[in-house]
Amino acid sequence: MTRLRLGPLLRHVDAGAATIWVESDRPSTAEVRCADGSSGRTRTFQVAGHHYALIPVEGLTPGTETAYEVLLDGHRVWPQADARFPPSTIRTPADPPAELRVSFGSCRWAISPTGEKDPMGPDALDTLAVRLAANPEAERPDVLLLLGDQIYADMTSPATRSWLAARRDLSEPPGDQVADYEEYTHLYYESWLDPEVRWLLSTVPSLMIFDDHDVIDDWNTSEAWVNEMRATPWWRERILSGLMSYWVYQHLGNLSPAQLEEDEVYAAVRDKPDGTDALRTFAATADEDPDGVRWSYRRDFGGVRLLMIDTRAARVLDESGRAMVDPQEAAWIRAQALDGPCDHLLIGTSLPWLLPHLIHDAEGWNAALAAGERGPRWARFAENIRRRSDLEHWPAFADSFDELTALIEEVGTGPDAPAAVCVLSGDVHHAYVAEPSWPAGTGPNSRVLQLTCSPMHNSIPAVIKLGFRFGWSRFGRRLGRGLARHGRTRRARVDWRRTGGPWFGNHLMTLTLRGRSAQLRMDRAQALRGGKARLKTVEESTVTR
C-alpha cells in the first residue's frame with residue numbers, strides 16, 4: 001500500500017480553492033476529500049526517486065471551514081489512524097475578507113526526533129500548534145509566513161550527522177553539511193515530521209521564502225565568495241540540489257492554481273515519468289543566470305497586498321554595481337508595489353531593511369572598502385570581515401537600500417496610499433520594531449514600520465545579544481557614523497528609531513488587519529515546568545495611525 005512520507009501541507013488558500021502538498025513513497029494518485037463535498041486529485045510527479053503532488057482542491061465555499069482527508073491510490077493516509085490532533089481543516093476567507101491575521105518569523109532549527117535535550121529552548125511553531133490543537137476554535141493565523149532558514153543545510157543536528165556518516169565519509173568535503181538532493185530531503189523530514197508542526201502545517205496555510213541557511217551560510221555574499229565556492233568540487237551538486245529541493249518543498253506551494261497551470265517548469269517536470277533532469281536544468285539556469293528566474297511572488301488578500309522579495313538568488317555581485325536584486329527583478333517589484341491602491345502593503349524580505357544603526361553603517365563602510373574606496377589592501381580586509389561578520393544585508397547594497405526606501409515613500413504618498421507599509425523580516429536572531437522618519441515636510445502619508453521576528457527556534461550567544469543592544473545605542477550610532485566617514489559613504493535618505501524591543505528568545509509576530517486598521521502582537525515561546533511551553537504575549541500595539 002502506498003504510504004504518505006511527508007505532509008500534508010496546506011499551502012495556497014483563497015475564497016474558493018486551495019492546494020495541498022504531499023510526498024508519497026511511490027507513484028500514485030493523490031486525492032483530497034473535504035467534508036463539505038469539495039475535492040481534488042492529481043498524479044504524483046517524480047524527482048530524484050521521490051514522489052510528490054500538489055493537489056488542487058476546488059469548489060470550496062467562501063467564509064467556511066471544512067475538514068479534509070488525504071488518500072493515496074484510494075486508501076486514506078491522513079488523518080493517521082493513531083492521530084492525537086484535531087482533524088486538519090481548510091478555512092476559506094470571505095470574499096472579500098473582513099479580517100486577515102498574518103503570523104511570521106524565521107530561522108527554525110528542527111527539534112531533534114531522538115528526544116535529546118533541546119539547546120534552543122521551546123519552538124515557537126511547536127508551541128503555537130499545541131495551543132491550537134488544545135482549542136481548535138481559538139484564534140489562529142489565516143496565513144503563516146516563513147521568512148527564511150526553514151532548514152539548516154550547513155548546521156546539521158547530531159542525529160542528521162549520524163545519518164550522513166552512514167552514507168559517506170564525513171572527512172571529505174562538505175563534511176557534515178548536506179551534499180546532494182537526498183540529504184536535503186532528510187532535512188525537510190527532520191523539520192516537518194515533528195508531530196505538532198506537521199499538524200500545524202496541515203491546517204494553517206503557509207507561504208515561504210529562502211534565506212542563506214536553506215542552502216549555505218552567507219550564500220551569495222559577494223562575487224569573490226561565489227568564485228571561491230564554484231572552484232570547489234562539491235559546490236555544484238550542493239547548489240543545484242538546494243535549488244531543486246527548495247522548488248519542490250517550498251516554492252511550488254507559494255503559487256496559486258492558476259499560476260501553476262501557467263508554470264512551464266511545473267509542466268515540464270510533470271510531463272515526464274522522471275522530472276529530475278528538467279528540474280536540474282532549471283536549477284542550473286537559476287544559479288548561472290538568475291535574472292531569468294523569479295523566486296519573488298505576490299499575494300493579494302482583499303485589500304492587503306503581500307510582496308515577497310527574494311534577497312538571495314537575485315543578487316548582482318559585481319563590486320562595481322552591487323544590487324540586492326537584478327534590474328528585471330527590481331522593475332517587477334516596483335510594478336507590483338504600485339499596481340493600484342491597497343489598504344496595507346506587506347513587503348516580505350528575509351533580510352531586514354532597517355537594522356541597528358551601528359550595523360547599518362558598518363555594512364555600508366564594509367561594502368565601500370570592498371569596492372576599493374580605500375585601496376586594494378583595505379578591499380582584501382573588508383572582504384574577510386564581510387564573510388566573518390555576515391555584513392550583507394540591505395545596507396551592504398547601498399543603491400538597493402535607497403531604491404527600496406524611495407519605493408516605500410512613493411507607495412505611501414498620496415490620497416490612495418495604504419494605511420500602513422510594513423517590511424516583514426527575520427534572519428538576525430532578535431526581534432524588534434523600527435520606524436523611519438523623513439526630513440520635515442517630506443515623507444509618506446502611510447505609517448511605515450520595519451517588523452523583524454527571528455528566531456522561531458534557535459539561539460544567540462550572549463556576546464551577540466550585547467552587540468545588538470550596543471548597535472541600537474547612542475554611542476553605537478556615533479561609532480557607526482565614524483565608520484561611514486572612513487568609508488566615504490553617503491547618508492541614508494531616512495532616519496529611524498527602534499520603537500519596540502529588542503526581544504531575545506523564540507518568537508512569532510502576528511499582524512491583524514481589518515480594513516485600514518492594523519494591530520501587532522509579539523508572542524514568545526516560554527518554557528514551563530514538566531517540559532511544556534506556552535506562547536506569552538510580550539507586546540501589543542497599534543500599527544496604523
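Computed from a predicted model, the values in this text were never measured in an experiment.
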Determine whether the side chains of [X] and [Y] contain a donor N or O and an acceptor N or O closer than 3.5 Å.
X: Arg524; Y: Asn506; result: no
X: Asn384; Y: Arg388; result: yes
X: Thr44; Y: Ser24; result: no
X: Thr349; Y: Ser425; result: no

Residues [X], [Y]: salt bridge by 4.0 Å N-O rule:
X: Asp310; Y: Arg294; result: no
X: Glu237; Y: Arg280; result: yes
X: Arg386; Y: Glu383; result: yes
X: Asp149; Y: Arg108; result: no
X: Arg490; Y: Asp402; result: yes
X: Arg387; Y: Glu228; result: yes
X: Arg312; Y: Asp218; result: no

Please confirm whether the ring centroid of [X] lies under 6.0 Å from the ring centroid of [Y].
X: Trp295; Y: Trp332; result: no
X: Tyr184; Y: Tyr246; result: no
X: Trp219; Y: His213; result: no
X: His360; Y: Phe401; result: yes
X: Tyr432; Y: His430; result: yes

Euclidean distance, [Y] [atom2] relative to [X] [atom1], rounded to 0.5 Å:
X: His457; Y: Cys107; atom1: NE2; atom2: SG; answer: 12.0 Å
X: His186; Y: Tyr181; atom1: NE2; atom2: OH; answer: 15.0 Å
X: Cys453; Y: Leu451; atom1: SG; atom2: CG; answer: 9.5 Å

Determine whether Glu172 and Arg168 satisfy the following criterion, salt bridge (Lys or Arg N to Asp or Glu O under 4.0 Å), listing intermediate values before the conclusion. CA-CA 8 Å; Glu172 298 291 330; Arg168 55 180 171 83; over 6 Å; no
Heavy-atom distance under 4.5 Å between the side chains of Glu23 and Trp21, does that happen here?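 Contact flag for Glu23/Trp21 side chains = yes.
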Would you kindly check if the NZ (Lys) or CZ (Arg) of Arg270 is within the cone defined by 45 degrees around the ring axis of Phe45 and under 6.0 Å from the six-membered ring centre? no
Is it true that the NZ or CZ of Arg498 lies under 6.0 Å from the centre of Trp472's six-membered ring and within 45 degrees of the ring axis?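 Flagged: Arg498 positioned over aromatic ring of Trp472.
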Pair His393-Asp427, side-chain hydrogen bond (donor to acceptor under 3.5 Å, both in side chains): steps then yes or no: CA-CA 10 Å; His393 299 80; Asp427 180 69; 2.7 Å; yes
I'd like to know whether Tyr152 forms a side-chain hydrogen bond (donor to acceptor under 3.5 Å, both in side chains) with Asp217, so could you lay out the CA-CA distance, the side-chain angles of the two residues, the decisive distance to 0.1 Å, and finally the verdict. CA-CA 9 Å; Tyr152 281 75; Asp217 189 25; over 6 Å; no
